Structure formats: structure tokens, C-alpha cells
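From a predicted model like this one, the values you see are computed outputs, not experimental measurements. In what follows, residues are counted from 1 in the order of the sequence shown.
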Amino acid sequence: LDAEVIRDQALAISGLMVGTIGGKSVRPYQPAGLWKPVGFGGSNTSVFKQDSGSNLYRRSMYTFWKRTSPPPSMSTFDAPDRETCQVRRARTNTPLQALVLMNDVQFVEAAREFAVRVLTEGGEDVDTRLVFAFRTATSRHPTETETRRLKQLLVEYQSQFANDPDAAKAIISNGNSKPIENVDPTELSAWTIITHLLLNLSETVTKA
């Protein structure tokens, strides 16, 4: 998928996306100090100032684009730098792309909110929730092998987070949005690992 669509898909699956059409450009999550090396003194874009609230979850087409310092997550997924015309985008597959999907705050936060959807909309039992999560991310039912492995991973992390509440809190505290209060942090963090895995699948981010 295109760089913008990968981010938009994660926001849409998680339920975070703000679908408002039109309006000014927004400044979602980016590394601190990103613009300093290329900023001009006195310029209104010399220092990156992150937006807050709903502006963090607008569609990627509304992201403010500084041509001398484009959004790094989009550059990693081969978005053009807009310095020159590009007729066709390159398609690469690099370790940096996996690092973005695994560590970028936008994707970790989206995984947590996806987990909230699984727990509140996916049914009452584990099997039903796994099917809901898998179908939402990939548009197909999981195989028996996939279901078994996901259940094993879920049990493993439920045990791990039950023994390490601080780690559970850390995994669900990413991003500006707040985790839901009426869900057990251990359960939410374990399911966040599962949804994070699903959002990272090649099948999820590759256009078939």
C-alpha cells in the first residue's frame, strides 16, 4: 500500500481516524527536533510543533509537509519527497519499514485502540474475538493454525503482563489518547500485542 494509506488503514481499523473533510494541514506525531537542522531562523516552520486532539488522527493527505524534512514514516514507505515530479512510486521492502510499524507511536496507539474494539465489539470468547480481529485486519478468516498460534501468544502475554503490571501499563500508554478505563490493563495490553501483530502482517500492508 502507499505510505499514506498504510497509516490511514491503521487509523481506520483502530477507530481513531477523524473523517472530517477539508480544513488546514495538521502535524501528527514526528520525532522531536526533526525540523531544527533545516529550519531558518524566524521561520514559522523552524521548529516542529505537534498538534493534539483530533488533529493527530486526520487522514494522511492533510499532514503538513515540509519539503526539506518530509514526514519520516512516510518517506520510509517510499512516499515522494515532492522536490521533483514522480510518475511512479518505488516499492521497497526494508527493515526500517518493520521498525516503523512496530515502534512508531501512531501504530502502537492504533493497535491499542484496535484491541479496545476487539474487547468491546468482538464478542465474549477468545475464538470469536480472534476471528473479529483477523477479519478486520486482513478481510479473511484465520486458519486453524493461525488461530492456535494467536491463542498461544495471547495466553503467554496475559501471563507476562499479569506478573509485570508496569509493562502492561507502558504498552497501553502510548499516544495522546487515553486507554479505556473499564477494561483490565492486563487483558488490554495482551490483546494490544495481538492486534499489533495483525497490523504488522505483510498481508495487512500489502496490496493484493
Side-chain angles (χ1 to χ4, degrees), residues 1-40 43-117 121 133 135-139 174-178 195-196 198-208:
L1 298 174
D2 289 333
E4 298 88 343
V5 180
I6 289 176
R7 176 178 174 274
D8 287 357
Q9 177 179 247
L11 291 176
I13 289 174
S14 69
L16 281 170
M17 177 179 280
V18 175
T20 305
I21 297 175
K24 66 177 184 177
S25 297
V26 294
R27 302 179 184 188
Y29 304 111
Q30 288 190 32
L34 185 68
W35 290 355
K36 285 185 178 179
V38 294
F40 293 99
S43 170
N44 63 350
T45 62
S46 60
V47 178
F48 176 76
K49 295 180 180 179
Q50 178 183 298
D51 277 327
S52 59
S54 62
N55 284 341
L56 292 172
Y57 315 111
R58 299 291 308 277
R59 289 176 60 189
S60 297
M61 65 178 293
Y62 295 111
T63 298
F64 184 93
W65 199 284
K66 187 177 178 69
R67 281 183 296 177
T68 54
S69 181
S73 63
M74 293 198 197
S75 297
T76 302
F77 285 101
D78 307 308
D81 59 13
R82 303 191 185 184
E83 291 287 344
T84 57
C85 175
Q86 187 168 338
V87 178
R88 179 179 295 176
R89 292 191 181 192
R91 298 291 181 188
T92 62
N93 186 4
T94 71
L96 282 177
Q97 294 171 351
L99 287 172
V100 169
L101 292 175
M102 293 174 66
N103 297 294
D104 188 291
V105 63
Q106 191 90 85
F107 291 96
V108 179
E109 180 183 28
R112 186 199 70 217
E113 291 302 300
F114 185 14
V116 170
R117 286 194 62 198
E121 302 174 30
R135 289 194 67 194
T136 302
T138 68
S139 299
N174 284 275
N176 276 30
S177 63
K178 301 299 181 184
T195 53
H196 193 234
L198 295 176
L199 290 177
N200 277 270
L201 290 177
S202 294
E203 188 173 346
T204 304
V205 299
T206 301
K207 182 178 179 181

*Flag side-chain contact, heavy atom, 4.5 Å: Met74 against Thr63*: yes
Rounded to the nearest 0.5 angstrom, the CG-OG1 distance for Leu198 and Thr138 is 7.5 Å
Side chain to side chain donor-acceptor pair (under 3.5 Å) with Tyr57: of Glu113, Gln106, Glu109, only one passes, and it is Glu109
Beyond-backbone contact of Met102 with Phe107, side-chain heavy atoms, under 4.5 angstrom: no
Q) Are Arg27 and Thr45 close enough, and set up right, to give a side-chain contact (heavy atoms from CB on, under 4.5 Å), and what steps lead you there? A) CA-CA 11 Å; Arg27 302 179 184 188; Thr45 62; 4.2 Å; yes
Closest non-hydrogen atoms of Gly175 and Tyr29, given as atom of the first, atom of the second and distance, are CA-OH, 3.4 Å
Please check if the side chain of Ser14 supplies one atom and the backbone of Leu11 the other of a donor-acceptor pair under 3.5 Å.
yes
- Is any side-chain heavy atom of Phe114 closer than 4.5 Å to a side-chain heavy atom of Leu199? yes
Rounded to the nearest 0.5 Å, the CG atom of Asp104 sits from the OG1 atom of Thr76 at a distance of 9.0 Å
(request) Kindly indicate whether the side chain of Met17, heavy atoms from C-beta on, has any atom under 4.5 Å from the side chain of Asp8. (result) yes
Notebook entry, point to check: Does some side-chain heavy atom of Phe77 sit less than 4.5 Å from a side-chain heavy atom of Arg7?
Noted result: no
Taken to the nearest 0.5 Å, the spacing of Ser73 OG from Leu101 CG works out to 9.5 Å
| task | Taking atom CZ of Arg91 as the centre, report whether more than 12 heavy atoms of other residues, nucleotides or ligands fall under 6.0 Å from it. | result | yes
For Asn93, look at atom CG and say whether over 12 heavy atoms of other residues, nucleotides or ligands are found less than 6.0 Å away. no
Looking only at heavy atoms, the pair that brings Thr68 and Glu83 closest together is N-OE2, 4.2 Å
Rounding to 0.5 Å, atoms OG (Ser25) and CE (Met61) come to a distance of 9.5 Å
Check your understanding: Once the angle between the rings of Trp35 and Phe48 is folded into 0 to 90°, is it parallel (under 30°), tilted (30 to 60°) or perpendicular (over 60°)?
Key -> perpendicular
In terms of heavy-atom contacts, Leu34 and Pro72 come closest through CD2-CD, 3.7 Å
Discussion item. Under a 3.5 Å distance rule, please check whether Asp81 uses its side chain to pair with a backbone N or O of Pro70 as donor and acceptor.
Written reply: no
Examine the side chains of Asn176 and Ser52 and answer whether a donor and an acceptor come within less than 3.5 Å of each other.
-> no
Step by step, would you call Val105 with Gln30 a side-chain contact (heavy atoms from CB on, under 4.5 Å)?
CA-CA 9 Å; Val105 63; Gln30 288 190 32; over 6 Å; no
Side-chain contact test, heavy atoms from C-beta onward, threshold under 4.5 Å: evaluate it for Thr195 versus Arg117 and give yes or no. no
#### Entry: Test side-chain contact (heavy atoms from CB on, under 4.5 Å) applied to Val38 and Lys66, step by step
CA-CA 10 Å; Val38 294; Lys66 187 177 178 69; 3.8 Å; yes
- Start with the C-alpha gap between Thr204 and Gln9, add the side-chain angles, then the distance that decides, and say whether side-chain contact (heavy atoms from CB on, under 4.5 Å) holds. CA-CA 9 Å; Thr204 304; Gln9 177 179 247; 3.6 Å; yes
Distance col, row Leu16:CG vs Leu56:CG, nearest 0.5 angstrom, shows 9.5 Å
query = When you look at CZ of Arg89, are more than 12 heavy atoms from neighbouring residues, nucleotides or ligands closer to it than 6.0 Å?
reply = yes
- Any donor-acceptor pair under 3.5 Å from Tyr62 side chain to Lys24 backbone: no
Could you check whether any side-chain N or O of His196 sits under 3.5 Å from a backbone N or O of Arg112, counting only pairs where one atom can act as donor and the other as acceptor?
no
